[in-house]
Amino acid sequence: MSALDFERRYRKQDEEILEKADMTESQIKAEMQEQHEKLELEKSELIQKMELKRKEEAEKLELYKEDLSAQREQERQELKEKYEQSVRDWQKGKEDLESNVKEQADVICKLCKRAQPSAANAQVQKPPLKETVLKTMFSFYLLSVL
């Protein structure tokens with residue numbers, strides 16, 4: 001009888017232990033499920049934050065692109081204006097140079113017209129060729145003697 005008593009008591013303890021184990025296992029499963037849900041919630045919040053940050057960065061990038069585009073357009077316009085001014089300056093310089101050349105050509109023509117009559121007189125006053133040759137020969141002779 002004592003063996004049966006002993007067995008009943010231990011069986012009862014075993015059943016209580018098994019119930020507690022079952023209960024603990026279900027509690028562990030419930031806690032794990034709760035942690036899993038909490039992690040899923042944190043994950044979705046993190047994904048939303050990352051998406052929001054990505055959108056903000058995309059907006060910043062778009063603003064930066066617009067600023068760069070506006071700056072590049074302004075620089076292009078300034079370069080175009082400088083180029084046009086350079087072309088105008090070059091054309092003015094070219095016109096001034098052509099005007100100066102024309103004025104100088106007119107002055108040279110006037111001087112040539114004045115010089116032509118005196119050149120005609122100079123030709124008339126030139127010594128004959130024979131006299132020039134003799135003078136040249138005499139100069140060479142003197143140079144060779146000295």
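All values below were derived from every heavy atom in this structure, side-chain atoms included, with hydrogens, water molecules and symmetry-related copies excluded. Quick caveat: nothing in here was measured; it's all calculated off a predicted structure.
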Salt bridge (charged side-chain N to carboxylate O under 4.0 Å, His left out) filter on Asp89, not counting sequence neighbours, yields none
Hey, what do you get for CG (Leu68) to CZ (Arg72), rounding to the nearest 0.5 Å? 8.0 Å
Side chains of Asp96 and Lys92: closer than 4.5 Å at any heavy-atom pair? yes
Please list, chain by chain and in numerical order, all residues satisfying side-chain contact (heavy atoms from CB on, under 4.5 Å) with Arg88, sequence neighbours excluded. Glu84, Gln85
How long is the span from the NE2 atom in His36 to the NZ atom in Lys43, to the nearest 0.5 Å? 8.5 Å
If you round to the nearest 0.5 Å, how far is CD of Glu31 from NZ of Lys38? 11.5 Å
List the atom pairs, donor and acceptor, that lie under 3.5 Å between side-chain atoms in residues 54-63 and the rest of the protein, sequence neighbours left out.
unit_1: Arg54; atom_1: NE; unit_2: Glu51; atom_2: OE2; d: 3.4
unit_1: Arg54; atom_1: NH2; unit_2: Glu51; atom_2: OE2; d: 2.6

Once you round to the nearest 0.5 Å, how far does CD of Glu42 lie from CD of Gln35? 10.5 Å
Could you state the interatomic distance from CG (Leu111) to CG (Asp106), rounded to the nearest 0.5 Å? 11.0 Å
Enter the distance from Asp67:CG to Lys65:NZ here, rounded to the nearest 0.5 Å. 12.5 Å
Treating Ser86 as the side-chain partner and Lys82 as the backbone partner, does any N or O pair qualify as donor plus acceptor under 3.5 Å? yes
Please determine whether a side-chain nitrogen of the Lys or Arg among Arg76 and Glu73 lies less than 4.0 Å from a carboxylate oxygen of the Asp or Glu. yes
Within the supplied structure, the quantity of interest is the number of heavy atoms (other residues, nucleotides, ligands) at a distance under 6.0 Å from Glu66 CD; does it exceed 12? yes
